[in-house]
Every structure is written in C-alpha cells, then in structure tokens.
2 protein chains.
Amino acid sequence: MNELKKDNTEEKILNAAQTVFIKKGLDGSRMQEIADHAGINKALLHYYFRTKQKLFEAIFKKVFKHVFPKIEMLVLSDLPIEEKLGTFIEKYIDVLLKNPYLPAFILKEMNRDPVFLASVMKSQGVHPEHILKMFEKEMEAGTISKMDPRDLMVNVLGFCIFPFAAKPLLNIMFFENDKKAYNNFLKKRKETVKKFILNSILIR
Amino acid sequence: MNELKKDNTEEKILNAAQTVFIKKGLDGSRMQEIADHAGINKALLHYYFRTKQKLFEAIFKKVFKHVFPKIEMLVLSDLPIEEKLGTFIEKYIDVLLKNPYLPAFILKEMNRDPVFLASVMKSQGVHPEHILKMFEKEMEAGTISKMDPRDLMVNVLGFCIFPFAAKPLLNIMFFENDKKAYNNFLKKRKETVKKFILNSILIR
DNA sequence: TCCCGGTTTAACCATCCGGTTAATCTTTTT
DNA sequence: AAAAAGATTAACCGGATGGTTAAACCGGGA
C-alpha cells in the first residue's frame with residue numbers, strides 16, 4: 001500500500017497547496033491552511049516538502065506548465081500564418097478560460113526570484129526564437145506587415161492574458177461585477193482578438 | 001514648526017511605504033522595514049496611520065491615481081480619432097515608463113478586496129462610459145471598424161500595460177535580461193502600438 | 001507474533017510581527 | 001517661564017507562524 005498511500009497524500013497536498021497559493025500568493029498563504037485544506041497534519045507538509053518555499057516552487061513549476069502550452073507543432077506546421085495564429089489564439093484563450101486565475105498568479109509571483117523564473121522557463125522548454133523566426137519569414141515573404149517580431153508576440157500574448165490578469169478591475173469597469181457577462185465577453189474574445197490582430201498585420 | 005515637521009514625516013512615511021509595498025506587496029512587507037526605510041521608529045507609523053491596512057490603502061489610492069491618467073479632455077476634444085488614440089497611447093506609455101513597477105503592483109493587489117477596489121475606482125472618477133460612447137460614435141460615423149467598444153478598450157490597455165506587468169518574463173524571453181534593451185523596446189512601443197492598433201481599426 | 005520501515009500525529013519551540021504603552025523630547029500656547 | 005499639546009522613542013505584549021521532535025500508527029515480512 002506504500003506506493004498508493006504516498007501518491008495519494010502527496011497529490012492531496014499538491015492540490016491543496018495549489019488552491020491556497022493561487023488565491024493568496026506565497027506570503028499570504030499559511031502552512032496550517034494548506035494542511036487543513038488537504039485534511040492532514042501540518043507536520044506532514046514538512047515531511048513531504050521540507051519547507052514552504054520548496055512546496056511553493058513545486059506548485060509554481062506545475063502551474064507554469066499550464067500557461068505555456070506546447071505550440072511547437074503549430075509553429076512547425078506548414079499551415080498559412082492566419083491559421084497558425086488563429087488556432088493559437090483560440091487554443092490559448094481556451095486554456096485560460098479553464099484556468100482563469102493562473103495569469104494573475106504567475107504575474108504576481110514572477111518578480112520574486114528572477115533566477116528561479118529563468119530556470120523554470122528553461123526547464124519548460126520555452127523557445128521564443130522559433131516563433132520569432134517564423135514571424136520574420138512571413139514578413140519577408142510579404143504575407144504580414146514588417147515589424148519587430150517581438151512586438152507582435154507581446155501583442156498576441158497581451159491580448160490573451162491581460163483581460164484575465166486584470167479581471168477584477170475590468171469586471172467592475174465594464175460589467176458591474178456580473179461574472180457571467182464577463183465570462184461571456186472572454187469567450188467572444190477568441191474571435192474578436194483573432195479578427196483584430198489579423199486585420200492589422202495580414203497583407204491581402 | 002508643527003505643520004512643517006508633520007508634513008515632512010508623513011511624507012517620509014508615505015514614500016517609504018510606497019517603495020516597500022510596491023516591491024513586496026501587502027503581505028510581504030513589514031512595518032519595521034518601512035520604518036527603517038523612513039528613518040523613524042515603528043511606533044510612529046502607527047501614530048500616523050493606525051494600522052498596516054490603513055497605510056496600505058493610502059498607498060494604493062495614491063498609486064492608483066497614477067495609472068488612471070486624466071483622459072477626459074482627450075475624449076471631449078474634437079480631434080480626429082487617430083489623434084486621440086495616438087496621443088493617449090503615447091502619454092500612457094510615458095506614464096508607465098516613469099513608473100514601470102505600478103502595473104505589476106496594481107494587478108498584484110487588485111484581487112485582495114473587490115469592494116475597496118470599486119470604491120477607489122469610483123473616487124478616482126474612472127468613467128469608461130464616456131470612452132465607450134466615443135468609440136461607438138466613431139463606429140457609426142464609419143471612421144473605425146465596428147466591434148465591441150469594450151474589446152477595443154481592453155486591447156488598447158492591454159498593449160500598454162501588459163509588457164510592463166510581465167516585464168521579468170519577457171525580459172528573459174527576448175532580451176536575456178538586458179534591462180536597457182528592454183527599456184528601449186518599451187520606448188519604441190509608443191510608435192509600434194499606435195501603428196498596430198490604427199492599422200487594424202482605421203477605415204480609410 | 002513481533003519487529004521494522006515508512007507514515008502520521010500531537011505537542012512543542014523560537015522567532016517574527018503588528019500593535020500598545022508609558023515615558024521623553026519638542027514645539028506651541030499662555 | 002511654566003504648562004499644555006504634539007511628536008517621537010524604547011520597551012514590551014500576545015498571538016501567529018514556520019519548522020522540529022518524539023511518540024504513535026500501520027502494513028508487510030520474518
């Protein structure tokens with residue numbers, strides 16, 4: 001039963017820690033609260049993950065994977081650029097719709113330790129160069145307007161991520177805190193963002 | 001000397017608190033650290049601002065004013081839409097260039113208390129309706145493409161704010177942590193963002 | 001059955017931290 | 001110059017918090 005039991009509690013801990021950390025951040029979270037949430041003793045947390053810091057880093061890595069989806073195939077495929085960008089935007093916003101709290105969490109905790117952040121990014125295999133190269137080729141081929149490819153990438157990411165990160169503010173500003181209306185707005189953005197971006201860069 | 005002294009220490013406290021809070025957030029900041037930073041006794045903090053919470057709220061309000069510039073005139077002016085949007089983008093990115101840490105701070109602490117956030121927004125006179133109306137009129141007049149005006153506004157804000165909020169990540173991704181290069185990138189965005197947006201929505 | 005390794009817990013510890021208090025120092029008022 | 005009012009400090013307090021320890025528990029093998 002050893003294996004099973006261990007996996008079970010470890011998973012319970014990870015789930016509880018994720019819930020609490022995402023909501024309250026590293027500083028705002030209490031080991032006791034995580035333990036309660038997992039239905040175990042506080043000492044058991046330290047038995048599995050020696051320190052709060054280590055537990056947090058495990059969660060951060062786990063969560064980080066979610067917000068950097070595997071887009072390599074998309075880049076390497078030979079679909080036309082508008083298809084590539086379109087499906088990326090759609091898929092990415094879908095991921096965020098399923099994990100709407102992740103952008104705020106990542107942005108919140110990003111500043112804590114740049115070295116750790118860099119190591120996580122490297123270990124996750126984030127390779128912006130491929131995408132930048134792809135954009136540059138399209139520009140040379142004359143399918144999209146010439147610009148700094150990093151600008152293009154920041155713009156696409158910003159369109160997808162920002163409305164999730166700034167949710168509370170935008171929700172008050174535009175929807176009087178009507179959660180459903182805001183969610184609807186986000187869903188529609190899969191199309192509007194696509195249109196907005198392609199309308200700007202596509203050369204017909 | 002009463003007035004002068006009081007103003008002086010109060011200002012010292014506010015400055016110190018702003019520095020520390022912006023860097024470490026509410027939970028990560030220590031009253032002692034703020035006191036040290038201001039060169040005063042910890043008890044004096046409580047003398048001026050009874051609790052940590054109250055001190056934090058004072059800072060949050062102060063900082064919030066900065067990121068919501070007075071754009072009413074711009075909206076009410078009868079410049080053509082491309083001028084209005086252009087100068088807004090330019091001015092806004094300029095504000096953020098002078099306070100590059102503010103977006104991350106606001107996004108970080110936004111979730112803490114939605115009610116307080118709403119009250120701050122109201123007290124700052126954030127009136128998105130004017131801007132939305134303005135956009136709608138332009139769409140009816142046929143000067144810009146028809147779309148949900150809220151999308152347009154989120155897009156403009158996202159373009160300006162996101163690259164500041166996600167600075168550490170983007171800086172590693174695109175510039176190998178070269179701060180100057182990244183700052184240069186942000187400066188250039190005043191033009192590229194303008195172009196990108198107008199290119200998408202303007203009807204010629 | 002008894003022991004042994006890994007798991008889980010209750011109790012504990014040292015430190016940190018927000019906040020208070022009472023005394024001191026400084027400025028203003030009379 | 002004395003007293004009153006205000007600003008500032010050192011010392012302290014109680015509770016919270018991350019982490020430790022030693023004992024109990026539990027399943028599997030001898």
Side-chain angles (χ1 to χ4, degrees), chain A residues 1-63 105 108-109 111-113 116, chain B residues 1-63 105 108-109 111-113 116:
Chain A
M1 256 264 268
N2 180 349
E3 263 321 282
L4 196 67
K5 218 176 196 173
K6 190 179 176 183
D7 279 10
N8 200 1
T9 43
E10 189 162 337
E11 209 172 316
K12 274 197 298 181
I13 291 177
L14 283 172
N15 286 337
Q18 178 164 338
T19 307
V20 177
F21 275 141
I22 280 179
K23 198 162 169 189
K24 313 202 170 180
L26 171 60
D27 296 323
S29 300
R30 301 288 153 244
M31 292 299 265
Q32 186 59 57
E33 191 181 351
I34 295 173
D36 292 347
H37 214 277
I40 56 163
N41 189 286
K42 178 166 70 88
L44 204 50
L45 289 183
H46 291 93
Y47 179 73
Y48 279 86
F49 304 82
R50 292 168 18 114
T51 66
K52 188 188 186 187
Q53 185 70 29
K54 285 196 197 306
L55 176 55
F56 176 80
E57 291 184 358
I59 297 297
F60 189 88
K61 273 183 196 160
K62 185 184 165 200
V63 162
F105 173 72
K108 211 192 294 192
E109 306 295 331
N111 291 277
R112 194 175 305 283
D113 184 353
F116 174 66
Chain B
M1 255 263 271
N2 180 349
E3 259 327 278
L4 194 68
K5 217 176 197 171
K6 189 179 175 184
D7 279 10
N8 199 1
T9 44
E10 188 162 337
E11 209 172 316
K12 275 197 297 182
I13 291 177
L14 284 171
N15 286 337
Q18 178 165 337
T19 307
V20 176
F21 276 141
I22 281 179
K23 198 162 168 186
K24 313 202 170 180
L26 172 60
D27 295 323
S29 301
R30 301 289 154 245
M31 292 299 265
Q32 186 58 58
E33 190 181 354
I34 295 174
D36 291 348
H37 214 277
I40 56 164
N41 189 286
K42 178 166 70 91
L44 203 51
L45 288 183
H46 291 93
Y47 180 71
Y48 279 85
F49 304 82
R50 293 168 20 112
T51 67
K52 188 189 187 187
Q53 185 70 29
K54 284 196 197 307
L55 176 55
F56 176 80
E57 291 184 358
I59 297 298
F60 189 89
K61 272 182 196 160
K62 185 185 165 200
V63 163
F105 173 71
K108 211 193 290 191
E109 306 296 330
N111 291 276
R112 193 176 307 284
D113 184 353
F116 175 67

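We use all heavy atoms of the structure for the numbers below, so side chains are in, but hydrogens, waters and symmetry mates are not. Each chain gets a letter, A, B and so on, in the order the sequences are listed, and its residues count up from 1.
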Side chain of [X] only, please: which of [options] is the nearest?
X	options	result
B/Ala43	C/dT9, D/dG19, C/dT20	C/dT20
A/Thr51	C/dT20, D/dT8, D/dG19	D/dG19
A/Leu44	C/dT8, D/dT8, D/dG19	C/dT8
B/Tyr47	C/dT9, D/dG6, C/dG19	D/dG6
B/Arg30	D/dT8, C/dC17, D/dG19	C/dC17
B/Asn41	C/dT7, D/dA10, D/dG18	D/dA10

Next item on the list: Determine: side-chain N/O of B/Thr9 to OP1/OP2 of D/dT8, distance under 4.0 Å, yes or no.
Entry: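 So the side chain of B/Thr9 is within the cut-off, an N or O lying under 4.0 Å from OP1 or OP2 of D/dT8.
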Checklist line | Residue-phosphate contact under 4.0 Å: B/Tyr48 side-chain N/O, D/dT8 OP1/OP2 | finding: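 Affirmative; the distance criterion is met.
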Can you tell me the distance, in whole Å, between the [atom1] atom of [X] and the [atom2] atom of [N]?
X	N	atom1	atom2	value
B/His46	D/dT9	NE2	P	15 Å
B/Asp36	D/dT9	CG	P	12 Å
B/Ile40	D/dA10	CD1	C1'	14 Å
A/Glu10	C/dT8	CD	P	11 Å
A/Gln32	C/dA10	CD	P	11 Å
A/Lys42	D/dA16	NZ	P	13 Å
B/Ile34	C/dG18	CD1	P	8 Å
A/Asn8	C/dG6	CG	C1'	16 Å

Margin query: Could you tell me if the side chain of A/Leu26 sits less than 4.5 Å from the side chain of A/Gln53, heavy atoms only?
Written below: yes
Check: Between B/Asp27 and B/Arg112, is the closest basic N to carboxylate O distance under 4.0 Å?
Finding: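 B/Asp27 and B/Arg112: salt-bridged.
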Margin query: Does the plane of the ring in B/Phe56 sit parallel, tilted or perpendicular to the ring in B/Phe21? Use 30° and 60° as the thresholds.
Written below: perpendicular
Checklist line | Neighbour count >12 (heavy atoms, 6.0 Å) for atom NZ, A/Lys62 | finding: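 It does: A/Lys62 NZ has more than 12 such atoms within range.
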Checklist line | A/Glu11 and A/Asn15: side chain donor to acceptor below 3.5 Å | finding: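 Distance-only check fails for A/Glu11 and A/Asn15.
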